[in-house]
Amino acid sequence: MSNDRQLTPLDTIVSLCKRRGFIYQSSEIYGGINGFWDYGPLGVQLKNNIRDDWWRSMVECAPLDENGEPVHIVGLDSSIIQNPRAWVASGHVGGFSDPMIDCRACKARFRADHLEEYDCPRKPSKKAGAHESCDLTEPREFNLMFETFVGAVKSDESRAYLRPETAQGIFLNYKNVLDTTRVKLPFGIAQIGKAFRNEVTPRNFVFRSREFEQMEMEWFCHPDESEKWMDFWKRERMRWWRSLGIREEHLIFRDHEADELAHYSKACVDVEYLYPFTAPKYGELEGIAHRGCFDLTQHGTHAEMKLDYTDPVTNERFVPNVIEPASGLTRGVLVLLCEAYTEEWVPKEGVEGGPREAVSGESTPEGYESRVVMKFAPRLAPVKVAVFPLLKNKPELVAKAREVFKELRQHWHCFYDQTGAIGRRYRRQDEIGTPYGVTIDFDTLADNTVTLRDRDTMKQERISLDELSGHLAGRLAS
RNA sequence: GCGAGAGUAGCUCAGUGGUAGAGCUCCACGUUGCCAACGUGGUUGUCGAGGGUUCGAAUCCCUUCUCUCGCUCCA
């Protein structure tokens, strides 16, 4: 795969997602709602598979440190609604909203608190709003946190927020985890869950939505070691994304400039992906932030609680520094959809060779037909194995196929299909990315072998039913 | 929130004031001994929603919602 190949337009992927049940627009029958998406039968399976892979790579089988020993990370699932003081301490209540002023005449927007710093776009010699034809709106709040009210009575006292990031739930429980789980520095707390941001402009399918899912891990370490761990997690996170089957040239690191750093952050590097809507530039997939001691210091002050750490060996007291790899799970789904989508030319009968990637903009050559195949890594594919009787009007084939299906479904997410010609059934599975097809024919009844058909090569091999599960187990782990 | 474009079947789209359409998909039956085969039949729409003009609106007007792009924003 070369870097310069034409990327599939996002619309094509959106259509496939709808058509095959990956992702639907939320509340579609009521006209939809801007910035919200529903994950269909295949979408939720794909999302869960990514989620579980992250959890396994972070919590259950965390990476090895420089001594070859696993680092220590524990899991957490904190509530979405928290004491609103948490968001004051975190800086989100004060800093997450900026009053903005629009000029109706020149279609420009200014931060109300910095109005005097802007020049009028049409008359640069004057300040914004100072020109006689300027037509400014009242300052408007752009608070990116969703508000709600806890309890039956709506009042300022009952006001609360849907979390705009999962991270704060981790900081709020940092002391609980220290006090109850015998962890020692350095260690991490990982969490996967929904977060909500009232984005001004939801865009690009699920890339920027108002309700999304994050996979975040806060790594607590000694300040002197923070740079080392920043490098460590940078490497590990890139390694993980590549392990999902994302092409190397589609992922880059991008260091944040000093002026784009968040209020809490000392340094930040993004893992970026070559999305079809950002190409030739890359767009954010994960942020790895050096949060310093900002959060624990803030919560320590606001909650009047000692959140510093005493080293059990040296008795040194300090506030740990935090390295935060924060990924978008739902962005991960989008990346894998973009990455997996492939149009191919497949030789017809009598033409030599296997499938090859279609050249964008060119029509299918003579002797070939086209197919769409989602090339998910087998372990992430929503459906692992499809089981078919070669013919549906032969009861003995159907019965045997049902038997094989019932066996395999105990190990993997399987799909049974007897409708239509066998070729059509293979292609249907290609379009949802099912890595393997198992077909039962008359030979199966005679010698207990089946056809195992490979999604990517379209090659078929005969395999004994006794060995089928073993074969699949090996291949589906990749 | 501003500006521009768009919204018709599950998907892609045609239809400029006079009976709601095509291709693909999907379903059933038949056929079919391994790659979107074929035959026959069939399902699917408040033409995004609401209001107006008109004898009559998918079509013209207004409002609104949603999508796309550009601003703005993006912790």
Side-chain angles (χ1 to χ4, degrees), chain A residues 9-12 14-21 24-36 40 87 90-92 94-98 100-111 121 135 137-138 140-142 144-145 164-165 167-168 195 197-205 207-208 210 256 260-265 268 277 283-284 287 289 291 294-295 324 326 346-349 354-355 369-372 388-394 397 419-431 437-444 450-455 458-460 462:
Chain A
L10 187 63
D11 286 350
T12 308
V14 174
S15 295
L16 182 135
C17 284
K18 169 74 188 291
R19 193 169 70 240
R20 291 305 194 178
Y24 310 119
Q25 191 182 11
S26 172
S27 345
E28 192 181 88
I29 64 169
Y30 284 106
I33 176 165
N34 196 357
F36 297 88
W87 301 110
S90 72
H92 287 84
F96 214 59
S97 74
D98 295 316
M100 303 295 289
I101 291 177
D102 291 329
C103 178
R104 297 188 188 91
C106 38
K107 312 300 179 197
R109 168 169 294 173
F110 316 101
R111 279 179 60 162
D135 184 9
T137 61
E138 290 300 305
R140 276 188 286 243
E141 287 287 326
F142 280 78
L144 295 184
M145 282 201 292
E165 60 175 16
Q168 295 306 322
R197 286 179 201 169
N198 214 344
E199 297 287 356
V200 178
T201 314
R203 273 291 155 89
N204 295 324
F205 200 28
F207 179 77
R208 176 170 300 130
R210 288 177 166 141
H256 280 219
E260 72 178 309
L261 290 174
H263 61 272
Y264 55 69
S265 175
C268 187
F277 48 84
E284 188 189 2
R291 294 182 80 129
F294 177 85
D295 300 278
E324 175 198 74
V346 179
K348 288 183 183 168
E349 207 170 355
E369 55 194 7
S370 65
R371 73 161 180 165
V372 170
F388 317 112
L390 183 59
L391 302 169
K392 73 168 172 210
N393 59 355
K394 308 291 184 207
L397 293 186
T419 307
I422 188 70
R424 173 178 296 268
R425 283 178 270 165
Y426 286 145
R427 297 300 175 83
R428 270 202 282 248
Q429 295 303 315
D430 288 342
E431 210 181 15
V438 171
T439 302
I440 281 72
D441 61 13
F442 291 102
D443 289 345
T444 311
V450 295
T451 303
L452 184 63
R453 185 263 192 184
D454 183 281
R455 175 193 70 194
M458 299 175 73
K459 291 214 169 101
Q460 307 182 10
R462 256 351 251 199

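Per chain, numbering begins at 1; letters A, B, ... match sequence-line order. Everything quoted here is computed from the prediction, not taken from an experiment.
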State, with a plain yes or no, whether a side-chain heavy atom of [X] is found less than 4.5 Å away from one of [Y].
X	Y	answer
A:R425	A:P389	yes
A:R371	A:Y426	no
A:L390	A:F442	no
A:R20	A:V372	no

Which atom of A:P347 lies closest to which atom of A:G354, heavy atoms considered: CD-O, 3.4 Å
Nearest non-hydrogen partners of A:L397 and A:L391, listed with the distance: CD1-N, 3.8 Å
Set of residues satisfying ring pair (Phe, Tyr, Trp, His ring centres under 6.0 Å) with respect to A:F207, sequence neighbours excluded: A:Y275, A:F277
By salt bridge (charged side-chain N to carboxylate O under 4.0 Å, His left out) - contacts of A:R462 (at least two apart): A:D441
Qualifying residues under salt bridge (charged side-chain N to carboxylate O under 4.0 Å, His left out), relative to A:R210, sequence neighbours excluded: none
Could you work out the separation of [N] and [M] based on their [atom1] atoms and round it to a whole Å?
N	M	atom1	value
B:rA58	B:rG52	P	15 Å
B:rA75	B:rU63	C1'	37 Å
B:rU46	B:rG3	C1'	32 Å
B:rG1	B:rG17	P	35 Å
B:rG39	B:rG21	P	23 Å
B:rA28	B:rC34	P	22 Å
B:rU43	B:rU32	C1'	24 Å
B:rG48	B:rU68	C1'	15 Å

If pairing requires Watson-Crick or G-U wobble contacts with both distances under 3.5 Å, which nucleotide is the partner of [N]?
N	answer
B:rG30	B:rC38
B:rU43	none
B:rA6	B:rU66
B:rG56	none
B:rC13	B:rG21

5'-most by nearest nucleotide on RNA chain B - A:T419 or A:H256: A:T419
Given RNA chain B, 5'-ward residue of the pair A:G420 and A:E165, judged by closest heavy atom: A:G420
In whole Å, I'd like the distance from the [atom1] atom of [X] to the [atom2] atom of [N].
X	N	atom1	atom2	answer
A:K392	B:rC29	NZ	C1'	8 Å
A:L144	B:rU72	CG	C1'	12 Å
A:N34	B:rG7	CG	C1'	14 Å
A:L16	B:rC24	CG	C1'	14 Å
A:M145	B:rC73	CE	C1'	16 Å

Test side chain to side chain donor-acceptor pair (under 3.5 Å) applied to A:R453 - qualifying residues, sequence neighbours left out: A:D430
Donor-acceptor contact present, side-chain A:R197 to main-chain A:E165, <3.5 Å: no
What are the atom names and distances for every N/O pair under 3.5 Å that joins the protein to nucleotides 34-42 of chain B?
unit_1, atom_1, unit_2, atom_2, d
B:rC34, O2', A:Q460, NE2, 3.4
B:rC34, O2, A:Y426, OH, 2.5
B:rC34, O2, A:Q460, OE1, 3.2
B:rC34, O2, A:Q460, NE2, 3.1
B:rC34, N3, A:T451, OG1, 3.2
B:rC34, N4, A:D441, OD2, 3.0
B:rC34, N4, A:T451, OG1, 2.6
B:rC35, O2', A:R427, NH2, 2.9
B:rC35, O2, A:R427, NE, 3.3
B:rC35, O2, A:R453, NH2, 3.1
B:rC35, N3, A:R453, NE, 2.9
B:rC35, N3, A:R453, NH2, 3.1
B:rC35, N4, A:R453, NE, 3.1
B:rC35, N4, A:M458, O, 2.5
B:rC35, N4, A:Q460, NE2, 3.3
B:rA36, OP2, A:E369, OE2, 3.2
B:rA36, N7, A:S370, O, 3.3
B:rA37, OP1, A:R424, NH2, 3.0

Applying a 4.0 Å non-hydrogen cut-off, can you work out what [X] is touching in the nucleic acid: base, sugar-phosphate, or nothing?
X	value
A:E284	nothing
A:G35	sugar-phosphate
A:F205	sugar-phosphate

Polar atoms only, N or O, under 3.5 Å: list the protein pairs with nucleotides 8-10 of chain B and their distances.
unit_1, atom_1, unit_2, atom_2, d
B:rG10, O3', A:K18, NZ, 3.2

For [N], does either OP1 or OP2 sit under 4.0 Å from a side-chain N or O belonging to [X]?
X	N	value
A:N204	B:rU68	no
A:S15	B:rU12	yes
A:N393	B:rG30	no

From B:rC27, B:rA75, B:rC69, nucleotide with atom closest to A:R203 side chain: B:rC69
